[in-house]
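Structure first, commentary second.
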Amino acid sequence: MTINLNEDSAEALLIWFRVHGVSYPWAGSSDSLDVWGIWVSEVMLQQTTVAAVEPRYRSWMKRFPSPEALAAADEEEVLREWEGLGYYNRARNLAVAVAEIRTAYGGRIPEEPAELRRLPGVGEYIAAAVASFAFGKRRAAIDANGRRIAQRLSAREIWDKELETVFRSAVEELMPLENPGEMNAALMQLGQLVCTPRSPRCGDCPLALCCLARLEGRQESIPPRRRQEVIQKKTRLAILYDGGRILMRKRMKGIGKGLWVFPAESEIEGLEKWWEPAGELSEQIHAYTRYREVLQPRIFRRNDERGTAPVIGLPDTNFFPLEKLQELPMPTAYRRISGQVPDILNYL
DNA sequence: AAAGCGTGGAG
DNA sequence: TCTCCAAGCTT
(Lines give C-alpha, C1' and ligand atoms only; values in the text may rest on other atoms or scores of the structure.)
Protein backbone atom coordinates (compact mmCIF):
# COMPACT_ATOMS: atom_id res chain seq x y z
CA MET A 1 0.00 0.00 0.00
CA THR A 2 1.20 3.45 -0.80
CA ILE A 3 0.44 6.99 0.10
CA ASN A 4 2.05 9.42 -2.29
CA LEU A 5 2.74 12.12 0.20
CA ASN A 6 6.14 13.76 -0.22
CA GLU A 7 7.80 17.05 0.69
CA ASP A 8 6.28 18.75 -2.32
CA SER A 9 2.71 17.77 -1.54
CA ALA A 10 3.19 18.63 2.14
CA GLU A 11 4.48 22.03 1.11
CA ALA A 12 1.53 22.51 -1.23
CA LEU A 13 -0.83 21.58 1.59
CA LEU A 14 0.71 24.06 4.02
CA ILE A 15 0.64 26.82 1.44
CA TRP A 16 -3.00 26.06 0.70
CA PHE A 17 -3.70 26.25 4.43
CA ARG A 18 -2.00 29.58 4.87
CA VAL A 19 -4.05 31.02 2.02
CA HIS A 20 -7.45 29.38 2.52
CA GLY A 21 -7.35 28.12 6.09
CA VAL A 22 -9.64 29.66 8.67
CA SER A 23 -8.46 30.92 12.02
CA TYR A 24 -10.66 29.84 14.91
CA PRO A 25 -10.81 31.34 18.41
CA TRP A 26 -9.14 28.26 19.85
CA ALA A 27 -6.13 28.44 17.54
CA GLY A 28 -3.29 29.27 19.92
CA SER A 29 -0.75 31.62 18.50
CA SER A 30 2.92 30.94 19.05
CA ASP A 31 3.31 33.68 21.66
CA SER A 32 0.10 33.10 23.62
CA LEU A 33 -0.44 29.39 23.87
CA ASP A 34 -3.76 28.70 25.43
CA VAL A 35 -3.47 25.05 26.32
CA TRP A 36 -6.77 24.93 28.17
CA GLY A 37 -8.65 26.52 25.29
CA ILE A 38 -7.14 24.08 22.81
CA TRP A 39 -8.13 21.14 24.96
CA VAL A 40 -11.67 22.42 25.48
CA SER A 41 -12.09 23.01 21.76
CA GLU A 42 -10.93 19.49 20.90
CA VAL A 43 -13.43 18.01 23.32
CA MET A 44 -16.28 20.16 22.06
CA LEU A 45 -15.43 19.49 18.45
CA GLN A 46 -15.64 15.73 18.67
CA GLN A 47 -18.63 14.63 16.62
CA THR A 48 -19.79 18.23 16.59
CA THR A 49 -19.57 20.81 13.83
CA VAL A 50 -17.45 23.95 14.02
CA ALA A 51 -20.56 26.08 13.49
CA ALA A 52 -22.24 24.57 16.54
CA VAL A 53 -19.13 24.83 18.69
CA GLU A 54 -17.98 28.39 18.06
CA PRO A 55 -20.57 30.30 20.16
CA ARG A 56 -20.57 27.65 22.86
CA TYR A 57 -16.81 27.70 23.09
CA ARG A 58 -16.88 31.42 23.84
CA SER A 59 -19.44 31.17 26.62
CA TRP A 60 -17.73 28.13 28.14
CA MET A 61 -14.35 29.85 28.25
CA LYS A 62 -15.95 32.90 29.77
CA ARG A 63 -17.52 30.83 32.54
CA PHE A 64 -14.58 28.41 32.94
CA PRO A 65 -11.51 30.39 31.87
CA SER A 66 -9.14 27.92 33.51
CA PRO A 67 -9.01 24.26 34.60
CA GLU A 68 -9.31 25.50 38.19
CA ALA A 69 -12.56 27.29 37.41
CA LEU A 70 -14.05 24.09 36.05
CA ALA A 71 -12.74 21.98 38.92
CA ALA A 72 -14.53 24.28 41.35
CA ALA A 73 -17.94 24.04 39.66
CA ASP A 74 -20.63 21.52 40.51
CA GLU A 75 -21.85 19.00 37.95
CA GLU A 76 -25.26 20.59 37.50
CA GLU A 77 -23.75 23.84 36.36
CA VAL A 78 -21.18 22.13 34.17
CA LEU A 79 -23.93 20.23 32.38
CA ARG A 80 -26.03 23.37 32.08
CA GLU A 81 -23.13 25.11 30.39
CA TRP A 82 -22.72 22.12 28.06
CA GLU A 83 -26.42 21.93 27.24
CA GLY A 84 -27.15 21.66 23.53
CA LEU A 85 -23.77 20.21 22.63
CA GLY A 86 -24.76 16.61 23.32
CA TYR A 87 -22.55 13.74 24.47
CA TYR A 88 -22.65 15.03 28.01
CA ASN A 89 -20.03 12.57 29.22
CA ARG A 90 -17.53 14.81 27.50
CA ALA A 91 -18.26 17.57 30.01
CA ARG A 92 -18.21 15.20 32.97
CA ASN A 93 -14.92 13.68 31.83
CA LEU A 94 -13.41 17.11 31.41
CA ALA A 95 -14.40 17.98 34.96
CA VAL A 96 -12.89 14.77 36.33
CA ALA A 97 -9.75 15.33 34.27
CA VAL A 98 -9.12 18.83 35.64
CA ALA A 99 -9.59 17.48 39.15
CA GLU A 100 -6.92 14.86 38.43
CA ILE A 101 -4.65 17.50 37.00
CA ARG A 102 -5.01 19.52 40.14
CA THR A 103 -4.08 16.63 42.41
CA ALA A 104 -1.61 14.68 40.27
CA TYR A 105 0.06 17.40 38.21
CA GLY A 106 -0.12 20.41 40.49
CA GLY A 107 -2.63 22.09 38.21
CA ARG A 108 -0.35 21.90 35.19
CA ILE A 109 -1.70 20.27 32.00
CA PRO A 110 0.81 17.57 30.99
CA GLU A 111 2.73 17.92 27.71
CA GLU A 112 3.36 14.29 26.89
CA PRO A 113 0.76 12.48 24.78
CA ALA A 114 1.11 9.37 26.94
CA GLU A 115 0.22 11.36 30.05
CA LEU A 116 -2.60 13.24 28.37
CA ARG A 117 -3.93 9.93 27.16
CA ARG A 118 -4.53 8.77 30.72
CA LEU A 119 -6.99 11.55 31.45
CA PRO A 120 -10.66 10.60 31.13
CA GLY A 121 -12.11 11.65 27.79
CA VAL A 122 -8.69 11.97 26.18
CA GLY A 123 -8.08 9.39 23.45
CA GLU A 124 -5.42 9.04 20.78
CA TYR A 125 -6.77 11.93 18.78
CA ILE A 126 -7.10 14.54 21.52
CA ALA A 127 -3.77 13.58 23.07
CA ALA A 128 -2.05 14.15 19.73
CA ALA A 129 -4.01 17.31 19.01
CA VAL A 130 -3.18 18.96 22.33
CA ALA A 131 0.43 17.81 22.19
CA SER A 132 0.93 19.23 18.71
CA PHE A 133 -1.19 22.40 18.88
CA ALA A 134 -0.30 23.43 22.41
CA PHE A 135 3.16 21.97 22.95
CA GLY A 136 4.66 21.74 19.48
CA LYS A 137 5.09 17.96 19.43
CA ARG A 138 5.35 16.22 16.09
CA ARG A 139 2.33 13.99 16.54
CA ALA A 140 -0.26 13.34 13.86
CA ALA A 141 -3.80 13.95 15.11
CA ILE A 142 -5.91 11.83 12.82
CA ASP A 143 -9.62 12.49 12.91
CA ALA A 144 -12.46 11.70 10.52
CA ASN A 145 -11.03 14.22 8.06
CA GLY A 146 -7.59 12.62 8.16
CA ARG A 147 -9.04 9.14 7.71
CA ARG A 148 -11.10 10.22 4.72
CA ILE A 149 -8.11 11.96 3.13
CA ALA A 150 -5.91 8.92 3.71
CA GLN A 151 -8.50 6.64 2.20
CA ARG A 152 -8.85 8.81 -0.87
CA LEU A 153 -5.12 9.32 -1.33
CA SER A 154 -4.66 5.55 -1.31
CA ALA A 155 -8.03 4.69 -2.90
CA ARG A 156 -8.80 2.29 -0.05
CA GLU A 157 -12.40 1.66 0.86
CA ILE A 158 -11.61 0.62 4.38
CA TRP A 159 -9.73 2.23 7.21
CA ASP A 160 -7.57 -0.32 8.99
CA LYS A 161 -4.47 -0.59 11.12
CA GLU A 162 -2.21 -0.85 8.10
CA LEU A 163 -3.47 2.32 6.47
CA GLU A 164 -3.34 4.11 9.77
CA THR A 165 0.28 3.18 10.32
CA VAL A 166 1.34 4.21 6.82
CA PHE A 167 -0.56 7.48 6.93
CA ARG A 168 0.55 8.37 10.44
CA SER A 169 4.23 7.84 9.73
CA ALA A 170 3.96 9.74 6.45
CA VAL A 171 2.35 12.72 8.15
CA GLU A 172 4.72 12.76 11.11
CA GLU A 173 7.73 12.55 8.83
CA LEU A 174 6.51 15.56 6.89
CA MET A 175 5.60 17.64 9.90
CA PRO A 176 7.83 20.71 10.08
CA LEU A 177 10.01 21.11 13.17
CA GLU A 178 8.68 24.61 13.53
CA ASN A 179 4.96 24.61 14.40
CA PRO A 180 4.23 20.99 13.47
CA GLY A 181 0.62 21.35 14.55
CA GLU A 182 0.02 23.38 11.43
CA MET A 183 0.14 20.14 9.45
CA ASN A 184 -2.64 18.66 11.55
CA ALA A 185 -4.75 21.79 11.19
CA ALA A 186 -4.11 21.86 7.45
CA LEU A 187 -5.29 18.28 7.00
CA MET A 188 -8.41 18.83 9.07
CA GLN A 189 -9.38 22.00 7.27
CA LEU A 190 -8.63 20.41 3.92
CA GLY A 191 -11.13 17.74 4.87
CA GLN A 192 -13.60 20.31 6.09
CA LEU A 193 -13.39 22.69 3.13
CA VAL A 194 -12.18 20.71 0.12
CA CYS A 195 -11.96 16.95 0.65
CA THR A 196 -15.53 16.85 1.96
CA PRO A 197 -17.53 13.65 2.46
CA ARG A 198 -19.86 14.53 -0.38
CA SER A 199 -19.00 16.40 -3.56
CA PRO A 200 -15.30 16.95 -2.85
CA ARG A 201 -13.82 20.01 -4.57
CA CYS A 202 -10.92 18.23 -6.20
CA GLY A 203 -10.29 21.21 -8.47
CA ASP A 204 -9.22 23.22 -5.43
CA CYS A 205 -7.19 20.46 -3.78
CA PRO A 206 -3.44 20.87 -3.30
CA LEU A 207 -3.14 17.08 -3.09
CA ALA A 208 -5.17 16.27 -6.22
CA LEU A 209 -2.09 15.22 -8.16
CA CYS A 210 -1.15 12.50 -5.68
CA CYS A 211 -4.69 11.27 -4.99
CA LEU A 212 -5.40 7.77 -6.28
CA ALA A 213 -9.16 8.02 -5.72
CA ARG A 214 -9.19 11.15 -7.85
CA LEU A 215 -7.05 9.46 -10.46
CA GLU A 216 -9.54 6.61 -10.66
CA GLY A 217 -12.56 8.90 -10.46
CA ARG A 218 -13.72 7.20 -7.25
CA GLN A 219 -13.51 10.17 -4.90
CA GLU A 220 -17.30 10.25 -4.46
CA SER A 221 -17.54 6.63 -3.36
CA ILE A 222 -14.56 6.56 -0.99
CA PRO A 223 -15.21 6.14 1.84
CA PRO A 224 -18.48 4.28 1.20
CA ARG A 225 -21.68 5.63 2.75
CA ARG A 226 -22.87 4.09 5.94
CA ARG A 227 -26.57 3.88 6.43
CA GLN A 228 -28.57 2.88 9.43
CA GLU A 229 -32.26 2.77 9.97
CA VAL A 230 -34.06 5.28 12.15
CA ILE A 231 -36.34 3.96 14.84
CA GLN A 232 -39.47 6.02 15.36
CA LYS A 233 -40.88 6.50 18.85
CA LYS A 234 -43.73 8.45 20.32
CA THR A 235 -43.86 9.45 23.97
CA ARG A 236 -46.50 11.31 25.92
CA LEU A 237 -45.01 13.54 28.57
CA ALA A 238 -46.68 14.54 31.80
CA ILE A 239 -46.03 18.06 32.97
CA LEU A 240 -47.40 17.96 36.48
CA TYR A 241 -48.17 21.41 37.82
CA ASP A 242 -48.88 21.67 41.50
CA GLY A 243 -48.76 24.72 43.73
CA GLY A 244 -46.60 26.66 41.31
CA ARG A 245 -44.13 23.83 40.87
CA ILE A 246 -43.35 21.39 38.09
CA LEU A 247 -42.29 17.77 38.44
CA MET A 248 -38.97 16.85 36.86
CA ARG A 249 -37.03 13.59 36.78
CA LYS A 250 -33.28 13.24 36.70
CA ARG A 251 -31.94 10.61 34.32
CA MET A 252 -29.47 8.47 36.18
CA LYS A 253 -28.10 6.37 33.32
CA GLY A 254 -28.07 5.92 29.59
CA ILE A 255 -28.97 8.66 27.15
CA GLY A 256 -29.05 12.08 28.75
CA LYS A 257 -27.54 10.88 32.00
CA GLY A 258 -27.48 13.65 34.58
CA LEU A 259 -30.06 15.73 32.71
CA TRP A 260 -33.54 16.60 33.94
CA VAL A 261 -36.61 15.70 31.89
CA PHE A 262 -40.37 15.78 32.14
CA PRO A 263 -41.52 12.24 33.03
CA ALA A 264 -43.51 10.14 30.57
CA GLU A 265 -47.21 9.80 31.36
CA SER A 266 -46.69 6.06 31.67
CA GLU A 267 -44.20 6.60 34.48
CA ILE A 268 -46.61 8.40 36.78
CA GLU A 269 -48.46 6.17 39.20
CA GLY A 270 -52.22 6.80 39.19
CA LEU A 271 -52.06 9.66 36.71
CA GLU A 272 -55.85 9.67 36.13
CA LYS A 273 -56.58 9.35 39.79
CA TRP A 274 -54.70 12.40 40.97
CA TRP A 275 -54.28 14.60 37.94
CA GLU A 276 -56.40 16.12 35.21
CA PRO A 277 -55.21 17.33 31.82
CA ALA A 278 -55.18 21.11 31.56
CA GLY A 279 -53.73 21.80 28.14
CA GLU A 280 -51.39 20.58 25.44
CA LEU A 281 -48.04 21.94 24.39
CA SER A 282 -46.67 21.60 20.90
CA GLU A 283 -44.86 18.41 19.92
CA GLN A 284 -41.11 18.37 19.89
CA ILE A 285 -38.74 16.05 18.12
CA HIS A 286 -35.97 14.50 20.16
CA ALA A 287 -33.56 12.88 17.73
CA TYR A 288 -30.62 10.97 19.15
CA THR A 289 -28.34 8.31 17.72
CA ARG A 290 -30.70 6.13 15.72
CA TYR A 291 -33.94 7.24 17.33
CA ARG A 292 -36.42 9.88 16.32
CA GLU A 293 -38.76 10.40 19.21
CA VAL A 294 -41.87 12.54 19.02
CA LEU A 295 -42.56 14.10 22.41
CA GLN A 296 -46.18 14.99 23.13
CA PRO A 297 -46.33 17.10 26.27
CA ARG A 298 -49.53 17.67 28.24
CA ILE A 299 -49.98 19.84 31.31
CA PHE A 300 -51.75 18.29 34.27
CA ARG A 301 -52.97 19.86 37.47
CA ARG A 302 -54.20 18.32 40.71
CA ASN A 303 -57.81 17.29 40.40
CA ASP A 304 -58.37 17.84 44.09
CA GLU A 305 -56.31 20.60 45.57
CA ARG A 306 -57.42 19.85 49.12
CA GLY A 307 -56.94 16.09 48.98
CA THR A 308 -53.94 14.20 50.26
CA ALA A 309 -50.69 14.47 48.35
CA PRO A 310 -50.60 12.36 45.19
CA VAL A 311 -48.31 9.40 44.85
CA ILE A 312 -45.70 9.91 42.15
CA GLY A 313 -44.14 6.48 42.40
CA LEU A 314 -41.03 7.45 40.49
CA PRO A 315 -37.52 7.81 41.92
CA ASP A 316 -35.14 10.71 41.27
CA THR A 317 -37.92 13.23 40.91
CA ASN A 318 -38.57 16.61 42.41
CA PHE A 319 -41.06 19.47 42.09
CA PHE A 320 -39.32 22.68 41.08
CA PRO A 321 -40.60 26.24 40.98
CA LEU A 322 -40.82 27.51 37.42
CA GLU A 323 -37.82 29.84 37.67
CA LYS A 324 -35.66 26.95 38.83
CA LEU A 325 -36.18 25.09 35.54
CA GLN A 326 -33.92 27.68 33.98
CA GLU A 327 -30.97 26.31 35.93
CA LEU A 328 -31.55 22.61 35.36
CA PRO A 329 -29.62 20.95 32.55
CA MET A 330 -32.05 19.35 30.07
CA PRO A 331 -31.92 17.75 26.63
CA THR A 332 -32.69 20.46 24.10
CA ALA A 333 -36.10 19.09 23.11
CA TYR A 334 -37.15 19.28 26.77
CA ARG A 335 -35.70 22.76 27.01
CA ARG A 336 -37.96 23.84 24.16
CA ILE A 337 -40.92 22.35 25.98
CA SER A 338 -40.02 24.09 29.22
CA GLY A 339 -40.05 27.36 27.31
CA GLN A 340 -43.73 26.87 26.51
CA VAL A 341 -44.82 26.06 30.03
CA PRO A 342 -45.19 29.66 31.32
CA ASP A 343 -47.44 30.55 28.36
CA ILE A 344 -49.80 27.69 29.09
CA LEU A 345 -49.95 28.50 32.76
CA ASN A 346 -51.43 31.90 31.92
CA TYR A 347 -54.58 30.12 30.80
CA LEU A 348 -54.99 28.01 33.91
C1' DA B 1 -15.11 -4.88 19.46
C1' DA B 2 -19.48 -3.32 18.39
C1' DA B 3 -22.53 -0.37 20.22
C1' DG B 4 -23.87 3.61 22.97
C1' DC B 5 -23.57 8.32 23.41
C1' DG B 6 -26.88 14.09 21.16
C1' DT B 7 -27.37 17.62 18.44
C1' DG B 8 -27.48 20.94 14.74
C1' DG B 9 -26.00 22.34 10.24
C1' DA B 10 -25.64 21.44 5.44
C1' DG B 11 -27.14 19.76 1.12
C1' DT C 1 -38.45 17.47 4.73
C1' DC C 2 -35.12 14.10 5.16
C1' DT C 3 -30.59 12.16 5.25
C1' DC C 4 -26.02 12.41 6.44
C1' DC C 5 -22.51 12.97 9.59
C1' DA C 6 -19.22 15.83 12.35
C1' DA C 7 -11.59 18.13 15.26
C1' DG C 8 -14.03 10.53 19.23
C1' DC C 9 -14.16 8.08 23.57
C1' DT C 10 -15.63 4.43 26.52
C1' DT C 11 -17.06 -0.06 27.75
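These figures come from a predicted structure and were not determined experimentally. By convention in this document, chain letters (A, B, ...) are assigned in the order of the sequence lines, proteins followed by strands, and residues within each chain are numbered from 1. Side chains included, hydrogens not; waters and symmetry mates left out as well; all remaining heavy atoms used.
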To the nearest angstrom, how far is [X] atom [atom1] from [N] atom [atom2]?
X: A:E83; N: B:dG6; atom1: CD; atom2: P; result: 13 Å
X: A:Y334; N: B:dG6; atom1: OH; atom2: P; result: 13 Å
X: A:R56; N: B:dG8; atom1: CZ; atom2: P; result: 9 Å
X: A:Q232; N: C:dC2; atom1: CD; atom2: P; result: 9 Å
X: A:L295; N: B:dG6; atom1: CG; atom2: P; result: 15 Å
X: A:Y291; N: C:dT3; atom1: OH; atom2: C1'; result: 19 Å
X: A:E293; N: B:dT7; atom1: CD; atom2: C1'; result: 14 Å
X: A:N89; N: B:dG4; atom1: CG; atom2: P; result: 15 Å

Residue-phosphate contact under 4.0 Å: A:R292 side-chain N/O, C:dT3 OP1/OP2: no
A:W260: partners by ring pair (Phe, Tyr, Trp, His ring centres under 6.0 Å), with sequence neighbours left out: A:F320
For residues 149-195 of chain A, the ring-ring contact (aromatic ring centres under 6.0 Å, His included) pairs (sequence neighbours left out) are none
Members sharing A:I255's hydrophobic cluster, built from side-chain contacts under 4.5 Å between Ile, Leu, Val, Met, Phe, Trp and Tyr, are A:I231, A:Y288, A:Y291
Proximal nucleotide (of B:dG11, B:dG4, B:dG8) relative to the A:R201 side chain: B:dG11
Distance, [atom1] atom - from [M] to [N], rounded to whole angstrom:
N: B:dG11; M: C:dA7; atom1: P; result: 13 Å
N: B:dG8; M: C:dT1; atom1: C1'; result: 15 Å
N: C:dG8; M: B:dA1; atom1: C1'; result: 15 Å

Using a strict 4.0 Å threshold on nitrogen-to-oxygen distance, state whether A:R156 and A:E162 make a salt bridge. yes
In plain terms, say whether A:R92 and A:E75 are close enough for a salt bridge, that is, a side-chain N and a carboxylate O under 4.0 Å apart. yes
Classify every nucleotide of nucleotides 5-11 of chain C by which part a protein heavy atom approaches to under 4.0 Å, writing B for the base, S for the sugar-phosphate alone and - for neither, in 5'-to-3' order. SBBBSS-
Which part of the nucleic acid, if any, lies within contact of [X], taking any heavy atom under 4.0 Å across all strands shown: a base, the sugar-phosphate backbone alone, or nothing?
X: A:A141; answer: nothing
X: A:T332; answer: sugar-phosphate
X: A:G254; answer: sugar-phosphate

Does A:K137 have any side chain to side chain donor-acceptor pair (under 3.5 Å) partners at least two apart in sequence or in another chain, and if so, which? A:E112
Which donor-acceptor pairs under 3.5 Å do side chains of residues 325-334 of chain A form with protein atoms, sequence neighbours excluded?
| residue | atom | partner | partner atom | Å |
| --- | --- | --- | --- | --- |
| A:E327 | OE1 | A:K324 | NZ | 3.3 |
| A:Y334 | OH | A:R251 | NH2 | 3.3 |

